[in-house]
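Chain letters run A, B, ... following the sequence lines, proteins first, then strands; residues in each count from 1.
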Amino acid sequence: MGKLEPLPGTSDLWHPEAAEWVRLENTARRVMGLYGYAELRTPIIERTDVFVRGIGSDTEVVQKEMYTFTDRGDRSLTLRPEGTAGVMRAIANQGVGEGEEKRVFYCGPMFRGERPAAGRKRQFHQIGVEAVGKLTPLLDAESMVMLFDYLRAVGIDDFRLLLNSRGTREDRQDASRTLQEHFRPHVEEMCEDCRRRLDSNVWRILDCKVEACRGFVAQAPPIVDLLSETSRAYFGQVQRALDAFGIAYEVAPHLVRGLDYYEHTVFEVVSDSPHLGAQNALAGGGRYLIELPGSRKPIPGVGFALGMERLMMARHRPRQESPGHGPVDVFIAILGDQAEVCALQLSRELRARQVRVLCETEGRSIKAQMRTADKCGAELAVIVGGEELAAGQVTVKYMRESRQEQIDREHAAPSIAATLGRKEDPEGMY
RNA sequence: GUGGUUGUAGCUCAGUCGGUUAGAGCGCCUGGUUGUGGCCCAGGAGGUCGGGGGUUCGAGUCCCCUCAUCCACCCCA
């Protein structure tokens, strides 16, 4: 216990779970790659205004959840609370021409100063994508199809896609007035936050979970009804495209999401898995128009982010205990000081042939060494002792078959490597 | 930020109404005659009972504070 625990809301991730995470990421690289998305790695830390202007200053995230500090040059920096703003900054920095499109995939840690709970960490990890530069309903739909493909590829199928549209900025100005008129007569009966939101940001009222407010939200007109003709047409096209792809969705009339930059399509994937707890949103995203310092005009894009912790929970792989070392193929047992040199040399020859080797380092009894050979999961145990040395041989024991044989020391390494048959390529550590 | 929950061995946990040397299972180590794993048997190591203060003859147990955990609210991935 003591002071060695990681900070609240953060955690150490050990093998073999760490390998499972890498697999989730690699599956994403592969599936997103099928749609032409390529990886972009941006810094974890950015100038604060990248997020304030990118995400919107009236959002929960920038108002009270960012890890912001001042560096020695007196600049205000923050640990990224989400991925889109940084990706857009990188793209704007490189420049996007009129009509040009960029498709990027990213993954990594994000930071938010919230109270930890099931499926919510202060350092959490996202896999995300952004298709930037184009504004078409088909692209929005394709993004959601890709999300479906990915979820199924990692073995998740009990989820629902929630869909809505918030229209354009002009639509929202009109809609805001309508919503304000709708809620104003009831302000006195609503919560403190909503009373403030009525004039500062009515949209946030739609997200309010306070019982009293929800009643009024339920009676509010569906957002879509408040949008312009063209925005509604856009939304209709998105739905038709999804139908054509055979993707099931539910229109959530008051889904608006917490980030200001969304325009038109917004969506969320919620899980019905019993392993999730209250935080059941696996992924969220939508179409956006984002403003960044230095860019002449807002840049359009569509994208979504998946929460890796929640993916892990939804898959519900039982927690395994860490064995303290990675998987190995061979354990080399040593009997007597004389055999040490031979054993160490053999271990190097094997590793040079991509065989994973654990070698005795303590000079314990043969019994203790064999016990280790068994517990470490090695397929073969190699015994090097006085008898073997004298005969110029080594003993190879097949642990699963309880059979053993002597082979010439000279050909030991190639022979063992051949026996194991190196099915994995050298880079395939996972 | 607000509520509640839990903190005892490496892990999962038991510990009665306060009572003297704090337990179990698993794991780990060593043995069970010569150089062979798993099963079994015997033994061993390992604990500031999260930390601090208080009440008491006596606190793992009761009280206060604190730290951490988990969960819910909230928010979102």
Side-chain angles (χ1 to χ4, degrees), chain A residues 1-11 55 59-65 80-84 107-128 147 191-193 204 207-211 213 255-259 266-271 276-285 303-314 319-324 331 333-336 339 360 362 364-389 395-404:
Chain A
M1 281 53 331
K3 298 275 176 282
L4 301 178
E5 292 152 4
L7 290 170
T10 69
S11 46
I55 300 169
T59 56
E60 193 84 11
V61 174
V62 326
Q63 271 186 8
K64 43 187 207 191
E65 292 174 3
R80 64 180 185 194
E82 54 95 59
T84 307
C107 61
M110 307 291 163
F111 304 84
R112 252 119 100 158
E114 304 176 280
R115 195 68 164 260
R120 191 175 59 199
K121 293 274 184 188
R122 287 184 178 167
Q123 175 178 336
F124 60 105
H125 301 76
Q126 290 187 333
I127 289 173
L147 178 51
C191 76
E192 200 182 322
D193 284 335
R204 307 276 304 104
D207 275 336
C208 191
K209 300 295 191 308
V210 176
E211 198 58 45
C213 305
L255 175 70
V256 290
R257 304 188 51 70
L259 277 37
V266 287
F267 57 90
E268 210 167 276
V269 166
V270 297
S271 170
L276 267 268
Q279 318 302 320
N280 68 341
L282 289 178
F304 61 78
L306 287 139
M308 292 191 65
E309 283 78 2
R310 294 180 192 176
L311 286 179
M312 292 291 288
M313 283 190 268
R319 200 169 253 276
Q320 288 169 278
E321 210 165 305
S322 175
F331 180 84
I334 302 172
L335 292 171
E360 171 69 7
E362 289 181 275
R364 299 128 80 213
S365 69
I366 179 71
K367 180 172 184 146
Q369 293 189 52
M370 289 310 288
R371 231 193 311 251
T372 302
D374 182 48
K375 288 196 176 115
C376 74
E379 199 168 317
L380 303 178
V382 172
I383 302 167
V384 187
E387 290 168 20
E388 285 82 359
L389 244 37
T395 298
V396 175
K397 175 159 183 170
Y398 297 78
M399 298 302 286
R400 312 213 199 304
E401 303 156 44
S402 305
R403 163 174 75 84
Q404 69 183 46

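- Here the side chain of A/Arg204 is nearest to one of B/G35, B/C75, B/C71, namely B/C75.
- For A/Glu5 against B/U69, a side-chain-to-base donor-acceptor contact under 3.5 Å is absent.
- Contact annotation: the side chain of A/Arg112 never approaches that of A/Arg122 to less than 4.5 Å [non-hydrogen atoms, C-beta and beyond].
- Side chain of A/Arg120 to main chain of A/Arg115: a donor-acceptor pair is present (N/O by atom type, distance under 3.5 Å, no hydrogens or angles).
- Comparing B/A59 with B/U16, their C1' atoms are spaced 15 Å from each other, to the whole Å.
- Nucleotide B/U20: unpaired (no Watson-Crick or G-U wobble partner with both distances less than 3.5 Å).
- Judged by distance alone, the side chain of A/Arg310 and the main-chain N or O of A/Leu282 form no donor-acceptor pair under 3.5 Å.
- Remark: C1' of B/C76 and CZ of A/Phe304 are 17 Å apart, rounded to the nearest angstrom.
- The side chain of A/Asp374 lies closest to B/G38 when the candidates are B/C29, B/C75, B/G38.
- Considering only side-chain N and O atoms, A/Lys375 lies nowhere under 4.0 angstrom from the phosphate OP1 or OP2 of B/C26.
- Comparing the C1' positions of B/C28 and B/G47 gives a spacing of 16 Å, expressed to the nearest Å.
- Side-chain contact between A/Leu147 and A/Phe267: present, with at least one pair of heavy atoms (C-beta onward) separated by less than 4.5 Å.
- Proximity of a side-chain donor or acceptor of A/Gln369 to a complementary backbone N or O of A/Arg364 within less than 3.5 Å is detected.
- A sub-4.0 Å separation between OP1 or OP2 of B/U30 and a side-chain N or O of A/Arg364 is present.
- Base engagement by A/Glu387 is indicated by at least one non-hydrogen atom pair under 4.0 Å involving a base atom.
- A side-chain donor-acceptor contact under 3.5 Å links A/Thr372 to the backbone of A/Ala368.
- Side-chain contact annotation: A/Thr395 with A/Glu388, donor-acceptor N/O pair under 3.5 Å present.
- One P atom belongs to B/A14, the other to B/U61, and the distance between them is 16 Å to the nearest Å.
- When the nearest nucleotides of RNA chain B are assigned to A/Leu259 and A/Arg120 by heavy-atom distance, the more 5′-ward of the two goes with A/Arg120.
- Ranking B/G1, B/G35, B/C76 by closeness to the A/Arg115 side chain, first place goes to B/G1.
- An OP1 or OP2 oxygen of B/G31 is reached within less than 4.0 angstrom by a side-chain nitrogen or oxygen of A/Ser365.
- A/Gly119 comes within 4.0 angstrom of a base, heavy atoms only.
- Within the 4.5 Å cutoff, side-chain heavy atoms of A/Ile55 are placed close to those of A/Glu82.
- Using a 4.0 Å heavy-atom distance criterion, A/Glu60 is classed as a sugar-phosphate-only contact.
- Of the candidates A/Gln123, A/Lys121, A/Gln126, A/Met110 forms a side-chain contact (heavy atoms from CB on, under 4.5 Å) with just one, namely A/Gln126.
- A donor and an acceptor atom never sit less than 3.5 Å apart when one is taken from the side chain of A/Lys64 and the other from the base of B/G1.
- Checked against B/C73, B/U36, B/C75, the side chain of A/Ile383 finds its nearest nucleotide in B/U36.
- Using P as the reference atom, B/A42 and B/G38 are 16 Å apart when rounded to the nearest Å.
- Note on A/Ala373: nothing from the nucleic acid sits closer than 4.0 angstrom, heavy atoms only.
- Expressed to the nearest 0.5 Å, how far CG of A/Leu311 lies from CE of A/Met308 amounts to 7.0 Å.
- As rounded to the nearest Å, B/C65 and B/U20 have P atoms that lie 29 Å from one another.
- The C1' atoms of B/A9 and B/C75 are separated by 39 Å, rounded to the nearest whole Å.
- The backbone N or O of A/His125 lies less than 3.5 Å from a partner atom in the side chain of A/Glu309, making a donor-acceptor pair.
- Distances from the side chain of A/Thr395 to the nucleotides B/C28, B/G35, B/G38 place B/G35 closest.
- Counting any heavy atom pair closer than 4.0 Å across all strands shown, A/Gly285 reaches no nucleic acid atom.
- Among the heavy atoms of the strands, none lies under 4.0 Å from A/Ala333.
- Residue A/Ala118 places its side chain closer to B/C71 than to any other of B/C71, B/C73, B/U36.
- For the pair A/Leu389 CG and B/G35 P, the interatomic distance rounds to 15 Å; values are reported in whole Å.
- For B/C40 and B/A72, the P atoms lie 40 Å apart once the distance is rounded to whole Å.
- Closest contact between the side chain of A/Ala117 and the listed nucleotides B/A72, B/C74, B/C29 involves B/A72.
- Rounded to an integer number of Å, the gap from A/Leu311 CG to B/C76 P is 19 Å.
- Following rounding to the nearest Å, A/Glu362 (CD) and B/U30 (P) show an atom-to-atom distance of 7 Å.
- Using a 4.0 Å heavy-atom cutoff across all strands shown, A/Gln404 reaches at least one base atom of the nucleic acid.
- Rounded to an integer number of Å, the gap from CD of A/Gln279 to C1' of B/C73 is 10 Å.
- Protein atom CZ of A/Arg310 is 12 Å distant from nucleotide atom P of B/C71, rounded to whole Å.
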Would you tabulate the nitrogen or oxygen pairs shorter than 3.5 Å linking the protein to nucleotides 32-34 of chain B?
unit_1: B/G32; atom_1: N7; unit_2: A/Lys367; atom_2: NZ; d: 3.0
unit_1: B/G32; atom_1: O6; unit_2: A/Lys367; atom_2: NZ; d: 3.4

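- In terms of polar N and O atoms assigned as donor or acceptor, the side chain of A/Thr372 never comes within less than 3.5 Å of the base of B/G37 in a complementary pairing.
- Across all strands shown, B/C11 forms a Watson-Crick or G-U wobble pair, both distances under 3.5 Å, with B/G25.
- Listed nucleotides B/C73, B/G37, B/C71 differ in distance to A/Met399; the shortest reach to its side chain belongs to B/G37.
- Side chain of A/Glu388, nearest nucleotide from B/U69, B/U36, B/G35: B/G35.
- If A/Ala305 and A/Gly9 are placed on RNA chain B by their nearest nucleotide, the residue sitting closer to the 5' end is A/Gly9.
- Nucleotide B/C76 holds its C1' atom 11 Å from the CD atom of A/Glu82, rounded to whole Å.
- Nearest heavy atom pair, residue A/Val384 against residue A/Ala339, reads O-CB, 3.3 Å.
- Remark: B/U56 base-pairs with no nucleotide in the shown strands. Criterion, Watson-Crick or G-U wobble with two distances under 3.5 Å.
- Of the candidate nucleotides B/U36, B/G35, B/C75, B/C75 has the atom nearest to the side chain of A/Glu65.
- Rounded to whole Å, the P atom of B/U56 lies 28 Å from the corresponding atom of B/U48.
- In this structure, A/Ile366 places its CD1 atom 6 Å from C1' of B/G35, rounding to the nearest Å.
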